[in-house]
Amino acid sequence: MTDCIFCRIAQGEIPASIVERNREMVAFRDIQPQAPTHVLVIPVQHLGSVRDATGTDGEALLGRMLAFTSRVASSLSLDEDGYRIVTNTGHHGGQSVDHLHFHLLGGRQLHWPPG
Ligand code: 5GP
Ligand code: ZN
């Protein structure tokens, strides 16, 4: 989708601070970080949200995204102190970009419950 900002980042049409990428996923720094480490992990393929990652392929992709995100966390030295992975979904979830993404947050004490 050419009007989707995260599709454009995945295609390299909009610059982003890329942390890691493979054929199906990209990890890059959030432009408005909410923690010392704030990385977004997206699939290259456009999916609106976790609600659209359905069926065998969608569910397998979610598993690989989670594993990829935890590897990124390790490579950013977050394992010892811990971190949070979250995916805001739809209106009540506070999703503002309609391309599936996981937030990886770390580097400070995070609070619970979130607002
Ligand atoms: P959401 O609110 O949908 O859960 O998260 C969207 C995230 O994307 C926000 O944290 C926002 O700061 C980030 N974001 C929005 N536009 C851009 C952009 O152009 N580049 C980068 N790197 N992050 C963006
Ligand atoms: Zn997209």
Side-chain angles (χ1 to χ4, degrees):
M1 288 177 82
T2 50
D3 57 343
C4 170
I5 193 150
F6 285 180
C7 279
R8 297 189 69 192
I9 286 174
Q11 301 306 328
E13 293 170 13
I14 291 179
S17 175
I18 307 286
V19 175
E20 218 165 303
R21 72 177 302 152
N22 63 27
R23 268 183 296 122
E24 68 176 351
M25 284 166 245
V26 187
F28 57 97
R29 305 262 177 197
D30 196 292
I31 205 167
Q32 232 181 308
Q34 301 301 316
T37 298
H38 188 172
V39 168
L40 301 172
V41 172
I42 63 168
V44 170
Q45 174 204 358
H46 182 88
L47 287 172
S49 78
V50 74
R51 294 172 295 196
D52 301 303
T54 56
T56 311
D57 288 353
E59 290 181 6
L61 174 69
L62 289 178
R64 290 192 298 276
M65 280 182 70
L66 201 47
F68 180 80
T69 306
S70 79
R71 286 198 301 275
V72 170
S74 294
S75 74
L76 295 174
S77 306
L78 294 177
D79 278 336
E80 189 175 338
D81 287 337
Y83 54 85
R84 185 172 295 167
I85 297 170
V86 64
T87 183
N88 298 325
T89 306
H91 182 56
H92 278 186
Q95 184 176 8
S96 62
V97 177
D98 291 329
H99 180 129
L100 171 63
H101 51 283
F102 289 174
H103 295 259
L104 168 63
L105 297 147
R108 68 168 170 85
Q109 182 63 55
L110 300 168
H111 304 292
W112 194 264

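Both ligands and their constituent atoms are indexed starting at 1 by order of listing. This structure is a prediction, so every number in the text was calculated from the model and none was measured.
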To which protein heavy atom is atom 22 (N) of ligand 1 closest, and what is the distance rounded to 0.1 Å? R29 O, 2.9 Å

Looking only at distances, please establish whether an N/O atom of ligand 1 is found under 3.5 Å from an N/O atom of V97. yes

Expected output: side-chain R21 to main-chain F28 donor-acceptor under 3.5 Å: no

Check S49 against Q95 and note the closest heavy-atom contact, atom names and distance. CB-OE1, 3.6 Å

To check your reading of the site, what angle at the Zn ion (ligand 2) do ND1 of H46 and ND1 of H99 form, to 10°? 110°

Location of contacts on A16 toward ligand 1, heavy atoms closer than 4.0 Å: neither

What atoms in ligand 1 come closer than 4.0 Å to a heavy atom of Q95? 3 (O)

When you look for heavy atoms under 4.0 Å from ligand 1, do you find them on the side chain of H101, its backbone, both, or neither? side chain

Is it true that H101 and H103 have ring centroids separated by less than 6.0 Å? yes

Below 3.5 Å, N or O to N or O, backbone or side chain included: is there any such pair between D30 and ligand 1? yes

Need the ligand 1 atom indices (1-based, order shown) with element for anything under 4.0 Å from a heavy-atom of N88. 4 (O)

Looking at P43, is its backbone amide N or carbonyl O close enough to the side chain of H99 to form a donor-acceptor pair, meaning the two atoms are under 3.5 Å apart? yes

Are there more than 12 heavy atoms of other residues, nucleotides or ligands under 6.0 Å from atom CG of D57? no

Test side chain to side chain contact (heavy atoms under 4.5 Å, CB included) applied to V44 and Q11, step by step: CA-CA 8 Å; V44 170; Q11 301 306 328; 4.1 Å; yes

Would you mind listing which atoms of ligand 1 come within a distance below 4.0 Å of any non-hydrogen atom of Q32? 12 (O)

Numbered in order shown, the ligand 1 atoms found under 4.0 Å of a heavy atom of G94 are 2 (O)

Cluster membership besides F102, Ile/Leu/Val/Met/Phe/Trp/Tyr side chains within less than 4.5 angstrom, sorted by chain and number, is V19, M25, V39, V41, L47, V50, L61, L62, M65, L66, F68, V72, L76, L78, Y83, I85, L100, L104

Which option wins on minimum heavy-atom distance to atom 18 (C) of ligand 1: I31, V39, I18? I31

For Q32, does its backbone N or O pair with a side-chain atom of Q34 as donor and acceptor, under 3.5 Å? yes

Non-hydrogen atoms of H103 versus ligand 1: any pair closer than 4.0 Å? yes

As an exercise, state the distance from CZ of R64 to CG of N22, rounded to the nearest 0.5 Å. 9.0 Å

Side chain, backbone, both or neither: which applies to F6 and ligand 1 if a contact is any heavy-atom pair less than 4.0 Å apart? side chain

E20 and S75 have their tightest heavy-atom pair at OE1-OG, 3.5 Å

Under 3.5 Å between some N or O of ligand 1 and some N or O of S96? yes

Atoms in ligand 1 with a heavy atom of I5 nearer than 4.0 Å: 19 (O)

Closest heavy-atom pair, G107 versus P36, reported as atoms and distance to 0.1 Å, is O-CG, 3.4 Å

Under 4.0 Å from a heavy atom of F28: which atoms of ligand 1 are those, numbered in the order shown and with their elements? 21 (C), 22 (N)

With heavy atoms only and a cut-off of under 4.0 Å, state how I9 meets ligand 1: side chain, backbone, both or neither. side chain

SG (C4) to the Zn ion (ligand 2) to SG (C7): angle, nearest 10 degrees? 120°

